[in-house]
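If you're wondering where the values come from, they're calculated on a predicted model, not measured in any experiment.
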Amino acid sequence: MPVFNEQATLRTVVERVLSVGIEVELLCVDDGSTDESRQILCDLEKKHSEMRVLLQPRNMGKGAALRRGIQEATGNYVIIQDADLEYDPNDYRSLLEPLEGGQADVVYGSRFVGAGPHRVLYFWHSVGNRLLTLISNMITNLNMTDMETCYKVFRREVIQAIPLEEDRFGFEPEITVKIAKRQLRVYEVGISYWGRTYAEGKKIGWRDGLRALWCLAKYGLKERRMPEAVVSVQKA
């Protein structure tokens with residue numbers, strides 16, 4: 001869980017993650033927060049033995065925070081969880097099902113499929129998201145519906161073996177291209193979504209969309225497609 005200035009939601013989201021009824025190791029990476037987030041995290045860490053807090057020396061970006069948390073993970077699977085209240089940890093069980101059944105290496109939680117409740121918000125934001133997903137699918141030859149979703153779940157050894165470079169919101173297109181080039185087994189699961197407004201603290205903007213386009217082009221050209229035989233050896 002990357003954290004940057006989320007004091008308003010932090011206690012609630014931690015409690016929700018730890019109450020899902022499955023064994024979890026919650027790694028919270030504070031990305032140089034300037035509000036009370038660090039103190040809240042330290043208080044929560046004392047209260048919950050399942051929780052570890054990692055402190056970045058300064059604000060380095062969501063991608064950098066994720067990179068650190070991923071490498072520190074020790075569980076069987078790695079779930080990316082934002083520190084706001086847009087995504088519901090009660091979806092964990094359905095996200096994990098294809099992995100635990102041995103069908104998938106990676107699972108994306110899609111906000112655009114399934115019957116879960118979805119808060120109605122910005123039209124143009126959804127258009128931009130779908131456009132980025134379309135371009136991503138053209139580059140990766142995957143048929144995803146929501147490349148930019150927060151909920152991405154990986155077998156731990158798979159995600160820890162992928163070199164990650166993006167420090168900010170470019171993580172989403174970067175990892176999508178890299179898992180496609182490795183010919184990993186990818187599933188989508190419909191999730192619920194309570195999107196927040198910019199007044200409520202939403203951080204991603206149009207510049208991040210442009211960066212996502214750049215990352216799709218960069219990694220689409222840069223990454224070498226691995227033969228399935230090589231992938232099978234790596235997964236053994």
Over all atoms of both residues, closest heavy-atom pair of Gly209 and Leu132: O-CD2, 3.8 Å

Passing option when Lys152 is tested against Ile159, Val186, Ile175, Ile79 for side chain to side chain contact (heavy atoms under 4.5 Å, CB included): Ile175

No-hydrogen, no-angle side-chain donor-acceptor test under 3.5 Å, Ser110 and Thr145: yes

Salt bridge (Lys or Arg N to Asp or Glu O under 4.0 Å) between Glu86 and Arg111, intermediate numbers included: CA-CA 11 Å; Glu86 291 191 330; Arg111 296 165 289 180; 5.6 Å; no

Heavy-atom side-chain proximity of Glu100 to Tyr77 below 4.5 angstrom: yes

Worked verdict on His48 versus Glu15 for side-chain contact (heavy atoms from CB on, under 4.5 Å): CA-CA 10 Å; His48 300 290; Glu15 294 296 337; 3.2 Å; yes

Contact check, side chains of Ile191 and Asp88, non-hydrogen atoms, under 4.5 Å: no

Candidate pair Leu216 and Val177, rule side-chain contact (heavy atoms from CB on, under 4.5 Å), full reasoning: CA-CA 7 Å; Leu216 286 170; Val177 172; 4.0 Å; yes

Phe171 CZ to Cys150 SG distance, which is reported to the nearest 0.5 Å: 9.5 Å

Nearest atoms (heavy-atom pairs only) where Asn90 meets Val20: N-CG1, 4.2 Å

Shortest non-hydrogen contact between Pro89 and Val17, atoms and distance: CG-CG2, 3.8 Å

Chi angles and distances behind the side-chain contact (heavy atoms from CB on, under 4.5 Å) call for Asp43, Arg11: CA-CA 10 Å; Asp43 292 344; Arg11 293 184 187 276; 3.9 Å; yes

Asn59 side chain to Gly32 backbone, donor-acceptor under 3.5 Å: no

Stepwise salt bridge (Lys or Arg N to Asp or Glu O under 4.0 Å) check, Glu223 with Arg182: CA-CA 9 Å; Glu223 288 294 309; Arg182 284 160 175 77; 3.4 Å; yes

Heavy-atom side-chain contact between Glu148 and Pro173 under 4.5 Å: yes

Stepwise side-chain contact (heavy atoms from CB on, under 4.5 Å) check, Val78 with Gln160: CA-CA 9 Å; Val78 174; Gln160 288 183 339; 5.6 Å; no

Qualifying residue for salt bridge (charged side-chain N to carboxylate O under 4.0 Å, His left out) with Asp30, from Arg38, Arg52, Lys62: Arg38

Common cluster, Leu27/Val3, ILVMFWY with side-chain heavy-atom separation under 4.5 Å: no

N/O donor-acceptor pair under 3.5 Å between Arg155 side chain and Asp105 backbone: no

Spatial distance of atom CZ (Arg185) from atom CG (Leu99) [nearest 0.5 Å]: 8.5 Å

Inter-residue atom distance Glu166.CD - Arg211.CZ, 0.5 Å rounding: 4.5 Å

Nearest-0.5 Å distance, CG of residue Asn137 to CZ of residue Arg130: 12.0 Å

Test item: Arg67 and Met60 side chains (from C-beta on) under 4.5 Å apart, heavy atoms: no

Output field: ring centroids Tyr87/Tyr193 closer than 6.0 Å: yes

Heavy-atom neighbours of Gln71 CD exceed 12 at 6.0 Å: yes

Heavy-atom check, side chain of Leu213 versus side chain of Ile135, under 4.5 Å: yes

Note, Tyr108 side chain near Leu142 side chain (heavy atom, < 4.5 Å): no

Glu36 atom CD: more than 12 heavy-atom contacts under 6.0 Å: no

For the student: nearest non-hydrogen atoms of Val13 and Ala83, plus distance: CG1-O, 3.5 Å

Non-hydrogen side-chain atoms of Asn129 and Phe112 separated by less than 4.5 Å: yes

Heavy-atom pair with the smallest gap, counting every atom of Met1 and Leu26: CE-CD1, 3.9 Å

Thr74 backbone acceptor or donor facing Glu25 side chain under 3.5 Å: yes

Tyr92: ring pair (Phe, Tyr, Trp, His ring centres under 6.0 Å) partners, not counting sequence neighbours: Tyr151

For the student: nearest non-hydrogen atoms of Ser94 and Pro98, plus distance: O-CD, 3.5 Å

